[in-house]
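Read the structure below first, then the notes.
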Amino acid sequence: TSESAARCPDYRPRTPCGCSGIGSLYIVIGGMAGERQIARSDGGSCLPKLLSCILIVFVALLVSMSTVWYMYNMDGETGYMPYTAYACSSDLVIDDQIKMAQKGMAIDDTTFDCPDKIPAHWPHTSAPVKNLRLFRTTQPGWDESRISEFRKHVAAYVRGTGAKVLVGTQISCDELEDDLDWSHTISLLKELNASHVLGLAVGNELDQLASKQGTSKDCVQTMWDGYLVSKLHARMEDVRKIAGFEHLPVTTVFTAGVVWGTGETPFKDDPDCKVNTFLTQILKMEPNWVFTFNFYPYFDPTIGMDPDGKHCSTAMDKCKCFDTPMCLNILSMQQSRNAMTRLTGDPKAPMWVGEVGWSAPKADTLHTAVQKCAGFSSYKMYHDYYKNFIAWDLTIPESNGEVQESSNGYAGPEIVFWFSMRDSANFGIKEYFGLIETCDDSACKLTPARVGVAPRTELRQPPALAEVAI
């Protein structure tokens with residue numbers, strides 16, 4: 001007490017070994033300065049406790065400094081952290097870049113693991129990427145934290161680049177999983193807002209469902225006997241309740257196989273693939289419907305080897321071009337336009353291309369005759385296909401060489417997507433359609449040495465990257 005202290009000038013109060021609040025900070029600082037005895041009531045030392053207190057104070061200061069740094073760097077408008085966009089570097093340059101604002105990239109399964117590395121520019125060019133295609137908004141095994149993180153990265157990308165996203169949601173034979181995926185899709189749509197959403201894709205390549213290993217006949221029958229139509233309609237009812245999405249375009253993406261060998265109907269319509277029936281129903285429900293097809297000459301079963309049995313030059317020439325009616329891409333687009341016109345009566349109905357692309361090296365999923373042709377899946381062939389895609393003006397030449405500007409010509413697609421950003425697996429089977437190999441690569445996949453051209457230095461450093469908010 002104060003009375004005891006007055007009688008005993010040398011008296012110092014015993015201090016318990018505590019470590020809490022401001023008092024603890026005073027004890028630590030005072031003890032370090034030698035102004036106050038730090039001892040237990042039994043005369044022992046409080047040094048271990050003192051060291052613990054110092055550690056706690058240090059951690060508290062570190063957390064405080066981190067919070068201040070976060071607040072200082074936080075974007076004032078969005079409340080998100082800054083993010084620096086990504087581009088791969090290259091000594092290989094592609095000059096002719098046409099209608100790049102109507103072209104986009106598909107996000108593959110590999111890039112899902114590095115959403116902070118979505119390319120801001122088309123590899124080997126200075127053209128910005130203005131459209132993305134998402135097949136889904138999550139991956140199997142992801143928890144809510146990782147799903148949310150992915151959404152924030154995609155939202156950061158579109159805010160910083162002005163890009164739009166064709167957002168996909170799955171349709172399968174598991175209604176619970178489909179509905180769960182849809183809940184995540186709704187969250188992404190709200191995060192992006194209508195200004196950054198190109199459209200909604202409900203299901204992808206369901207015309208191939210019957211050929212997928214492990215798919216039951218009951219599943220296929222359920223899909224085409226009303227499940228797909230009802231789910232798509234329900235999804236759009238949900239979306240159009242969100243402000244800004246009242247007139248959002250909607251699509252289901254099919255392969256080019258639905259327009260070949262169809263018999264009397266414009267689109268394939270058999271028990272395992274009732275696409276014509278589905279389209280007839282959905283066109284009555286959805287005024288903002290868009291036809292979307294994936295085109296892959298790479299897997300075309302009709303192409304073969306040259307007569308020498310060693311090369312496949314004829315097949316390669318037909319596959320890699322986009323500028324004449326002999327090109328397999330153009331041929332399939334003509335066939336698609338014909339089918340659309342037969343079904344709707346409108347030769348200019350909206351049409352998107354969901355995927356085009358090439359694989360180098362050879363995809364493990366390639367099983368046609370040209371799989372033994374070394375040049376078919378070469379880096380040089382990949383380069384030529386990609387270069388021609390970048391230079392494509394999105395017209396569909398007619399058999400007489402005319403294009404869509406003619407009064408009776410084929411109207412070209414409004415948007416086309418390249419598959420893909422990075423090499424990835426297809427149901428566990430390796431493919432190499434990516435412009436970049438892995439998430440760890442800072443360089444683009446194609447190089448002058450791989451392609452056989454002279455290097456150029458202007459894109460050795462990626463184009464200037466913007467700071468955007470995540």
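Values below: all heavy atoms of this structure, side chains included; hydrogens, waters and symmetry mates excluded.
Relative to the six-membered ring of Y86, R422 meets both conditions, a distance below 6.0 Å and an angle of at most 45° to the axis. Seen from the ring of F417, K103 does not count as a face-on cation partner, given the 6.0 Å and 45° thresholds.
Nearest approach of D272 to A210, heavy atoms of both residues: CB-CB, 3.8 Å. Heavy-atom minimum distance, C319 versus N329: O-ND2, 3.6 Å. Residue F245 comes nearest to L189 through the heavy atom pair CZ-O, 3.5 Å, listed as atom of the first residue, atom of the second, then distance. Taking all atoms of both residues into account, the shortest heavy-atom contact from E191 to A155 is CG-CB, 3.6 Å.
P123 is listed as a side-chain neighbour of M105, based on a closest heavy-atom distance under 4.5 Å. When side chains are defined from C-beta on, F295 counts as touching M333, because their heavy atoms get closer than 4.5 Å. Two residues are said to be in side-chain contact when any heavy atoms from C-beta on lie closer than 4.5 Å; H311 and M305 fail this criterion. Within the 4.5 Å cutoff, no side-chain heavy atoms of F135 are placed close to those of Q170. Between D393 and Q102 there is no side-chain heavy-atom pair separated by less than 4.5 Å. Looking only at side-chain heavy atoms (C-beta outward), V353 and N294 stay at 4.5 Å or farther from each other. Using a 4.5 Å cut-off on side-chain heavy atoms (C-beta onward), D423 and K445 make contact. Annotation: side chain of T277 is not in contact with side chain of F267 (no heavy-atom distance under 4.5 Å).
Under the 3.5 Å distance criterion, with hydrogens and angles disregarded, a donor-acceptor pair is assigned to the side chains of T111 and D108. For D174 and S172, the side-chain atoms include no donor-acceptor pair closer than 3.5 Å.
T438 meets the side chain to side chain contact (heavy atoms under 4.5 Å, CB included) test with D440, D441; sequence neighbours excluded.
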Full working for salt bridge (charged side-chain N to carboxylate O under 4.0 Å, His left out) between E437 and R450: CA-CA 14 Å; E437 290 177 326; R450 283 177 167 180; 3.1 Å; yes
Working for salt bridge (charged side-chain N to carboxylate O under 4.0 Å, His left out), residues D300 and K318: CA-CA 11 Å; D300 193 315; K318 289 181 178 180; over 6 Å; no
CA sep, side-chain torsions, deciding dist, call: D143, S145, side-chain hydrogen bond (donor to acceptor under 3.5 Å, both in side chains): CA-CA 5 Å; D143 58 20; S145 174; 4.6 Å; no
side-chain hydrogen bond (donor to acceptor under 3.5 Å, both in side chains) between T251 and T292, intermediate numbers included: CA-CA 7 Å; T251 188; T292 307; 2.7 Å; yes
Pair C114-C439, disulfide bond (SG atoms under 2.5 Å apart): steps then yes or no: CA-CA 6 Å; C114 52; C439 283; 2.0 Å; yes
side-chain hydrogen bond (donor to acceptor under 3.5 Å, both in side chains) between Y410 and E398, intermediate numbers included: CA-CA 7 Å; Y410 293 101; E398 295 184 89; 5.8 Å; no
Working for side-chain contact (heavy atoms from CB on, under 4.5 Å), residues L209 and C219: CA-CA 9 Å; L209 181 64; C219 165; 4.0 Å; yes
side-chain contact (heavy atoms from CB on, under 4.5 Å) between V253 and R133, intermediate numbers included: CA-CA 11 Å; V253 184; R133 183 184 172 198; 3.4 Å; yes
Steps toward side-chain contact (heavy atoms from CB on, under 4.5 Å) verdict (W352, L198): CA-CA 11 Å; W352 294 346; L198 181 67; 4.0 Å; yes
Audit row: L343, L283, side-chain contact (heavy atoms from CB on, under 4.5 Å) steps and yes/no: CA-CA 10 Å; L343 186 66; L283 285 169; 3.7 Å; yes
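Residue L446 holds its CG atom at 12.5 Å from CG of D91, rounded to the nearest 0.5 Å. Here the straight-line distance linking atom OG1 of T302 with atom CH2 of W260 works out to 8.5 Å at 0.5 Å rounding. Note: C373 SG to M316 CE = 6.0 Å, rounded to the nearest 0.5 Å. Interatomic distance, N204 CG to T252 OG1, rounded to the nearest 0.5 Å: 9.5 Å. Here the straight-line distance linking atom CH2 of W224 with atom CG of L206 works out to 5.5 Å at 0.5 Å rounding. Taking NZ of K152 as the reference point, atom CZ of R159 lies at 10.0 Å (rounded to 0.5 Å).
A salt bridge does not link K348 to E414: none of the charged nitrogens lies less than 4.0 Å from a carboxylate oxygen. Between K241 and E246 no salt bridge is recorded (no basic side-chain N to carboxylate O distance below 4.0 Å). Note on D384 versus K380: salt bridge recorded, some NZ/NE/NH1/NH2 to OD/OE distance being below 4.0 Å. The pair D346-R337 does not meet the salt-bridge criterion, since no charged nitrogen lies less than 4.0 angstrom from a carboxylate oxygen. Using a cut-off of 4.0 Å between Lys/Arg side-chain N and Asp/Glu carboxylate O, D113 and R146 are scored as salt-bridged.
Contacts classified as ring-ring contact (aromatic ring centres under 6.0 Å, His included) and involving residues 87-116 (residues at least two apart or in different chains) are given here: F112-W142, F112-F150.
Crowding of K164 atom NZ: a count of heavy atoms from other residues, nucleotides or ligands under 6.0 Å not exceeding 12. Residue K387 qualifies as open at atom NZ: its count of foreign heavy atoms under 6.0 Å is 12 or below. Heavy atoms of other residues, nucleotides or ligands lying less than 6.0 angstrom from NZ of K372 number 12 at most.
For the pair T262 (side chain) and T265 (backbone), a donor-acceptor distance under 3.5 Å is present. For the pair D181 (side chain) and E177 (backbone), a donor-acceptor distance under 3.5 Å is absent. Distance alone, capped at 3.5 Å, is enough to place a donor-acceptor pair between the W392 side chain and the T395 backbone. For the pair H184 (side chain) and T137 (backbone), a donor-acceptor distance under 3.5 Å is absent. Side chain of K320 to backbone of C327: no donor-acceptor contact under 3.5 angstrom is found. Distance alone, capped at 3.5 Å, places no donor-acceptor pair between the D207 side chain and the V258 backbone.
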Atom pairs and distances, side-chain donor-acceptor, residues 425-435, under 3.5 Å, sequence neighbours left out:
residue, atom, partner, partner atom, Å
N426, ND2, E431, OE2, 3.4
E431, OE2, T365, OG1, 2.6

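Considering W418, Y382, W358 as possible partners of F389, the one that fulfils the ring-ring contact (aromatic ring centres under 6.0 Å, His included) test is W418. Partner of Y385 under the ring-ring contact (aromatic ring centres under 6.0 Å, His included) criterion, chosen from Y298, F419, F322, Y379: F322.
Cys pair C444 and C88 passes the test of SG atoms under 2.5 Å apart.
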